[in-house]
Amino acid sequence: MENFLSALFLQSGYNSALVAIGAALLGIAAGGAGTFIFLRKRALVSDAAAHATLPGICLAFMTMVALGGDGRSLAGLMAGSAISAAAALVLVDWIVRETRLPEDAAIGAVLSVFFGFGIVLMTVVQNMTAGRQAGLESFLLGSTAGMLFNEAVTIAIAGAAAGAVLFLLYRPMTLVAFDPEFAATTGIPVRATDLATMGLVLVVTVIGLKVVGLVLIVAMLIIPAVAARFWTERVDRVVLIASLMGGVSGYLGAALSAAHPQVPTGAVIVLVAFSLFVVSLLLAPARGVVASVFRHLRFQRRVHLRQGLLALARDEPIFDRLTLKVLRGEGYIRGDGVATLQGRATAANALRDEARWEVAREMHLEGSLSGRFDGLNAIEDVFTPDEIRELDRQLGGRIAVVS
Amino acid sequence: MGQEFVQLSLTPMLIGILAAVACALPGNFLLLRRQALIGDAISHVVLPGIVVAFLFTGTVSAWPMMIGASLAAIFAVVLIEAIKRVGRVDAGAAMGVVFTAMFADGVLLLELSDTSSVHLDVEHALYGNLESLIWLAADGWGSLADWTALSEMPPQVGRLALVLALVSGFLFAFWKELTISTFDEGFALSLGIRARLIGFLLVVTTAVAAVAAFDAVGSIIVIAMFICPPASARLMTNGLGHQVAWSTLFAGASAILGYVLAGYAPLWLGAENSVSAAGMIATVSGFILGFACVLGPKRKRIGAAREV
């Protein structure tokens, strides 16, 4: 715990502070970029890009070794992974456009084949005598243990660049995400915008390789965006909340794993993000599970109250337990089920409103009010007093209820 | 050639073929139902299932792990469905949330628990160890008729053969129901076919195939074989029966060709070591799909409006 707190406040050494800041920056960039692919309903395309970085990493390593280098320069490996991930994205796009295969099949095929080829290359690299190849596996699950200052700076610069692109292309990317056809009619180049979104994903994937690893980087793109979506209906806020959640997960996860060094950073970061997702799923105000349960219970209560009142007014016996409970709770019936005075008056009102609705339904056949006849909207909320008087006039002697 | 081949290459090849075909068969229906990525998700969540089974039993034995992995796969599918409904999130995103979180969980459990004494690690889970499944008891082709030698075969052969029989049996028994509910769920329901149950059974079959294959060959082949052979077959024909046949052919071809290219080709080229057979099988299936995309007689989409 103490270790965790000191890591949390950047007090446990230069390296963990570096990792925490790098992971937070990565999370912010991933949350923002991930929002747009999530809204475009193409979240798993990023999975293809992430897995497809592996052959690029291996090829870059081989090239660098062949040119006489060390083979482990992060910038070089990142460039290689970016190229092969871009190739994968182009291939997915090509398969979807040129063949009858659906996008999910294209994603899965490209993902597995690139990854398989990457594994082949990795065994080749492992058999190479030159170069210090021991580090390549660490890109599978990320490794922050030996992060260097210039690696953190690389991540920071790339993250800032991603943020800038996000800011500049915010409007077209939003439009394309929600309604590509409309976006096309307003003159936005849909394909170019999609490519830019994918480019952002690519940048995040590549900078995430070092911290989270290629198997789990897709989580940093998807989970914060999905979680943020629960809290709001506005795109700008989703982007902000997703970035915030991504940043917090990166930071907290890095701090946690600094306190427990044997735990891989990437997995912890992803699990922190997932906890934030679970909290959002349960507790978000409008779309959360708890809120929906409450909404459902309130709705159920209103239906039972209304049906109970109508039954009271018509002198029908009530058997339903919940209805009895609701009526008793409102003080409309006594413990033995006999209506109180207040209950009888309210029931009479309910019956009169029911009759008014019936007339209203006949008058407004065109259906402009459809959906409001459900008996749960008070008639006073839908019609003006003089409209209600007109309803009562038409009702005439059909029903004898004193208001 | 004879003895060495039977000892070192016959069983890995056989296991590769069995695993590839067992995955490709249900993959056909997953592809048509737009659930191709279920295979991807399942092969990730197998890891936490195996680790949890190991923590419960304390040994690396096959059956508890297969049960653990199958339960994890079913749990993941139920969780994905729940998040999709409750959270009103699209299928891809729900899948991405669930399988990454569960995979991370598996990695975490693996690192926190004391599994250093046993052969259980993430790399192994990803690309398996096909090359090591050799049959030392064999001394030539004659061993195939020799019971004592046969009983020394890697147990994966028997398990995968059993699973393949199970998968084919399921497809054979429910062929009509699967076909109708895949193409027109509403029609299937009107005929009294319990389409949702069929869908769930398909996913369970998929999980069983994935877990059995995973045990022998790692998750790469599993994902590749669920998708690539059926996708290639889809570009060859319009008939479902033909598609299944083509996919079986492609899966078998990928396994044989991939194993040969990985095990022998580097030696022919003068290299000293072979490369990963699992990775090569996936690569070959990708090449087959590539050819199908360019040359397949039914590769084009006809009639449907093109999406923007």
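For the numbers below, each heavy atom of this structure counts, side chains included, while hydrogens, waters and symmetry mates do not.
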Is there a donor-acceptor pair under 3.5 Å between the side chain of [X] and the backbone N or O of [Y]?
| X | Y | answer |
| --- | --- | --- |
| Thr123(A) | Ser276(B) | yes |
| Arg100(A) | Arg234(B) | yes |
| Arg299(B) | Glu98(A) | no |

Least distance between heavy atoms, [X] atom then [Y] atom:
| X | Y | answer |
| --- | --- | --- |
| Asp104(A) | Ala36(B) | OD2-N, 3.2 Å |
| Gly108(A) | Ile223(B) | O-CG2, 4.4 Å |
| Gly279(B) | Val120(A) | C-CG2, 3.3 Å |
| Val113(A) | Cys228(B) | CG2-SG, 3.6 Å |
| Gly116(A) | Thr283(B) | C-OG1, 3.8 Å |
| Pro102(A) | Arg34(B) | CB-NE, 3.4 Å |

Rounded at 0.5 Å granularity, tell me how far [atom1] in [X] sits from [atom2] in [Y].
| X | Y | atom1 | atom2 | answer |
| --- | --- | --- | --- | --- |
| Ile220(B) | Phe115(A) | CD1 | CZ | 4.5 Å |
| Asp90(B) | Leu44(A) | CG | CG | 8.5 Å |
| Met280(B) | Ile119(A) | CE | CD1 | 12.5 Å |
| His44(B) | Leu216(A) | NE2 | CG | 7.5 Å |
| Met220(A) | Thr100(B) | CE | OG1 | 10.5 Å |

Qualifying residues under side chain to side chain donor-acceptor pair (under 3.5 Å), relative to Glu185(B), sequence neighbours excluded: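 Result, side chain to side chain donor-acceptor pair (under 3.5 Å) vs Glu185(B): none returned.
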Would you mind checking which part of [X] comes under 4.5 Å of any heavy atom in chain A, side chain (CB onward), backbone (N, CA, C, O), both or neither?
| X | result |
| --- | --- |
| Asp40(B) | side chain |
| Phe99(B) | side chain |
| Val89(B) | side chain |
| Ile83(B) | side chain |
| Met225(B) | neither |
| Ile227(B) | side chain |
| Ala101(B) | both |

For Ile37(A), is it the side chain, the backbone, both or neither that has a heavy atom under 4.5 Å from a heavy atom of chain B?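 Neither part.
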What part of Ala43(A) is in contact with chain B, defined as an atom under 4.5 angstrom from a non-hydrogen atom: side chain, backbone, both or neither?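 Side chain only.
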Can you tell which of Ile223(A), Ile269(A), Val268(A), Leu91(A) has the highest number of heavy-atom pairs within less than 4.5 Å of chain B?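 Winner by heavy-atom pair count: Ile223(A).
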Heavy-atom pair count under 4.5 Å with chain B, highest-scoring of Val215(A), Ile95(A), Leu221(A):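 Heavy-atom pairs under 4.5 Å are most numerous for Val215(A).
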Above 12 or not: heavy atoms from other molecules or residues under 6.0 Å from CZ of Phe117(A)?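 No.
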Can you check whether Leu101(A) reaches Leu235(B) side chain to side chain, under 4.5 Å on heavy atoms?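 Yes - at least one pair of side-chain heavy atoms lies under 4.5 Å apart.
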Are side-chain heavy atoms of Ser112(A) and Phe226(B) found at a separation under 4.5 Å?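 They are not in contact (no side-chain heavy atoms under 4.5 Å apart), so the answer is no.
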Among [options], which has the most heavy-atom pairs under 4.5 Å with chain A?
| options | result |
| --- | --- |
| Gly87(B), Gly96(B), Ala292(B) | Gly87(B) |
| Met95(B), Arg88(B), Met102(B) | Arg88(B) |
| Asp105(B), Leu289(B), Val222(B), Leu31(B) | Asp105(B) |

